[in-house]
Amino acid sequence: MFIATVLAFASACKDSSKTTYRSFLSPMTGLNVPSGKEFDVKLQFGTEQKVDSVVYLIDTVKMISKADTSAIKLKTEGLKLGNHLITAKIFGDGKSEDLTSNINVLAAQAPVEYTYKVIKTLPHDTASYVEGLEYHDGFFYESAGDYGHSSLRKVDPSTGKVLQKTDLDKQYFGEGITVIGNKIIQLTYREKVGFVYDKATFKKLAEFSYTTGREGWGLAFDGQKVFNTDGSNTIFFLNKDTYQKIGSIDVFDNKGAIQNLNELEIIDGKIYANVYTTNEIMIINPETGAVESKIDLSGLLPADYFKTEDEKANNVLNGIAYDKAGKRLWVTGKKWPHIFQIELVKK
């Protein structure tokens with residue numbers, strides 16, 4: 001009886017050591033991988049199921065097929081930044097089974113860090129809750145937000161005087177603007193509509209449906225397509241005539257996604273983007289979405305300029321304008337008393 005019990009126990013132990021399920025051992029779900037680097041792929045196959053071959057895919061693209069169960073390496077070269085699905089399709093005994101995991105491809109390098117030097121301080125209307133800022137033909141064009149206070153403005157840089165203005169109906173919260181030829185395009189925050197104005201007269205020429213992003217935030221134009229943010233880490237590309245989506249990039253540095261991308265400017269082929277509620281501007285590669293540099297603009301305003309916590313939380317950095325001919329860069333914020341011309345200084 002004792003011997004039978006021991007044999008039964010041993011048999012049970014032997015059976016329990018058999019692994020009948022399959023799973024990913026590597027990569028673990030959500031693994032961060034620098035762009036251009038390889039990552040290990042290893043599966044737990046189980047001991048009771050025959051494996052004839054394994055096909056590995058990234059998203060829907062077949063990467064490699066193996067006739068054995070050995071671990072492999074997959075490359076991230078050529079992959080967009082962001083999330084990618086890893087699939088192992090296992091074949092055996094006339095059947096197939098799919099196992100999945102995922103990785104996040106991040107920027108390959110840490111961004112170069114900049115601070116700033118103030119070149120000139122210009123006056124600015126503190127009633128303007130800045131959502132968009134551009135410089136064209138010697139003037140600032142500005143979109144002021146907030147319900148009941150939204151407007152489109154043409155401003156004299158040297159005096160801060162509003163030379164031309166059109167108010168939005170109180171149901172609209174004005175957001176980002178950009179100039180396309182003789183037109184100005186303006187988004188609204190949550191109203192899912194955009195406006196097209198004549199640049200010279202500010203007469204509203206048309207409205208268009210905006211459904212690309214979850215909300216309307218920033219706009220910029222590079223001469224070919226419109227760039228657009230919605231407060232996420234995605235920058236959308238819009239058709240310059242229809243303002244509808246034609247593409248996008250997701251923005252990452254070497255640590256993760258950069259959320260709350262807001263006001264935009266295109267400077268020397270790079271995207272400059274405010275990060276809402278911070279004192280940082282990201283310089284982004286428009287092809288890959290990688291953050292190549294970041295600018296720390298802390299200290300532009302005295303720390304005690306805004307008195308209440310509500311003012312400090314809301315009246316944040318937001319506004320980038322660039323004079324392409326004069327190579328002058330300006331920044332400002334919501335209800336700030338100044339627009340600052342700055343020069344970047346490498347840390």
Side-chain angles (χ1 to χ4, degrees), residues 27 29-37 39 58-59 76-86 101-114 131-132 145 175-176 178 187-190 192 194 210-222 225-238 243-267 269-297 313 316-320 331 333-334:
T29 299
L31 177 71
N32 291 330
V33 184
S35 179
K37 298 295 185 181
F39 61 97
I58 298 181
D59 299 324
T76 60
E77 186 176 355
L79 294 180
K80 289 182 64 175
L81 301 186
N83 184 269
H84 294 275
L85 181 69
I86 312 302
S101 186
N102 73 291
I103 62 168
N104 294 310
V105 179
L106 306 184
Q109 298 176 332
V112 178
E113 297 189 4
Y114 288 91
E131 296 293 352
E175 275 283 349
T178 197
L187 288 183
T188 58
Y189 180 31
R190 291 175 170 167
K192 300 296 182 182
Y210 174 78
T211 57
T212 298
R214 60 191 186 188
E215 296 172 342
W217 285 42
L219 288 178
F221 180 56
D222 71 349
K225 59 182 176 290
V226 178
F227 296 76
N228 164 231
T229 57
D230 69 343
S232 67
N233 75 309
T234 299
I235 296 178
F236 302 101
F237 306 147
L238 310 182
Y243 321 118
Q244 301 305 305
K245 180 183 174 181
I246 56 174
S248 67
I249 52 173
D250 293 326
V251 178
F252 288 79
D253 65 7
N254 63 313
K255 296 180 179 178
I258 306 298
Q259 302 289 344
N260 296 315
L261 297 174
N262 199 359
E263 221 270 308
L264 300 171
E265 187 71 37
I266 309 301
I267 302 175
K270 304 296 183 181
I271 305 171
Y272 283 54
N274 274 300
V275 181
Y276 183 53
T277 74
T278 78
N279 289 312
E280 290 186 329
I281 290 175
M282 301 295 165
I283 303 178
I284 301 159
N285 184 311
E287 301 295 328
T288 67
V291 177
E292 297 182 340
S293 306
K294 65 179 180 179
I295 311 164
D296 182 359
L297 293 174
V316 294
L317 179 78
N318 196 51
I320 313 169
V331 295
K334 301 173 184 292

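Computed from a predicted structure; not experimentally measured.
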Report summary line: dist I320:CD1 -> I267:CD1 (nearest 0.5 Å) comes out at 6.5 Å
Query - Side-chain heavy atoms of T29 within contact of S101, under 4.5 Å - result: yes
Query - By salt bridge (charged side-chain N to carboxylate O under 4.0 Å, His left out) - contacts of D296 (at least two apart) - result: K347
Report task. Determine yes or no for a side-chain-to-main-chain donor-acceptor pair under 3.5 angstrom, with T178 supplying the side chain and L219 the backbone. Result -> no
Query - Contacts of Y210 that satisfy side chain to side chain donor-acceptor pair (under 3.5 Å) - sequence neighbours left out - result: N228
Report summary line: CD1 of I281 to CG of L317, rounded to nearest 0.5 Å, is 5.5 Å
Requested in this report: Could you check if a side-chain atom of N233 sits within less than 4.5 angstrom of a side-chain atom of Q259, using non-hydrogen atoms only?
Outcome: yes
Query raised in the report: When rounded to the nearest 0.5 angstrom, what distance separates CD1 in I58 from CG in L85?
Result: 10.0 Å
Query raised in the report: Got a sec, which residues hit ring-ring contact (aromatic ring centres under 6.0 Å, His included) with F221, two or more places apart in sequence or on another chain?
Result: none
Report summary line: Residue set satisfying side chain to side chain donor-acceptor pair (under 3.5 Å) with E131, at least two apart, ordered chain then number -> K334
**Report entry** Any residue meeting ring-ring contact (aromatic ring centres under 6.0 Å, His included) with F39, in chain and number order, not counting sequence neighbours
**Finding:** none
Query raised in the report: Who pairs with D250 by side chain to side chain donor-acceptor pair (under 3.5 Å), at least two apart in sequence or on another chain?
Result: T234
Report summary line: Correct closest heavy-atom pair for D253 and P111 would be CB-CD, 4.3 Å
Query - A107: partners by side-chain contact (heavy atoms from CB on, under 4.5 Å), with sequence neighbours left out - result: A290
Report task. Give, for atom CD1 of I249 and atom NZ of K80, the distance between the pair rounded to the nearest 0.5 Å. Result -> 8.0 Å
**Report entry** Shortest non-hydrogen contact between P27 and I86, atoms and distance
**Finding:** CG-CG1, 4.4 Å
Query raised in the report: So F227 and F236, ring-ring contact (aromatic ring centres under 6.0 Å, His included) or not? Walk me through it.
Result: CA-CA 6 Å; F227 296 76; F236 302 101; over 10 Å; no
Report task. Please identify each residue that fulfils side chain to side chain donor-acceptor pair (under 3.5 Å) with R190, with sequence neighbours left out. Result -> E215
Query raised in the report: Which pair of heavy atoms, one from T76 and one from S35, lies closest together, and at what distance?
Result: OG1-C, 3.7 Å
**Report entry** Those residues that, when tested against F252, pass ring-ring contact (aromatic ring centres under 6.0 Å, His included) (two or more places apart)
**Finding:** none
Query raised in the report: About how many Å separate CD1 of I283 and CD1 of I295, when rounded to the nearest 0.5 Å?
Result: 4.0 Å
Report task. Take L106 and L81, measure what side chain to side chain contact (heavy atoms under 4.5 Å, CB included) needs, and give me the verdict at the end. Result -> CA-CA 6 Å; L106 306 184; L81 301 186; 5.8 Å; no
Report summary line: Across all chains, not counting sequence neighbours, the salt bridge (charged side-chain N to carboxylate O under 4.0 Å, His left out) partners of K225 are D222
Report task. Provide the closest heavy-atom pair for D230 versus R214 in the form atom of the first, atom of the second, distance. Result -> OD2-N, 3.0 Å
Query raised in the report: So which pairs with a foot in residues 275-295 pass salt bridge (Lys or Arg N to Asp or Glu O under 4.0 Å), sequence neighbours left out?
Result: K270-E292, E280-K294
Query - Shortest non-hydrogen contact between N262 and N318, atoms and distance - result: ND2-OD1, 3.0 Å
Report task. Apply ring-ring contact (aromatic ring centres under 6.0 Å, His included) to Y272 and list each qualifying residue two or more places apart in sequence or on a separate chain. Result -> none
Report summary line: Between the NZ atom in K255 and the CG atom in N32, the distance rounded to the nearest 0.5 Å is 12.0 Å
Report summary line: On a heavy-atom basis, the closest approach of V251 and L261 is CG2-CD1, 3.5 Å
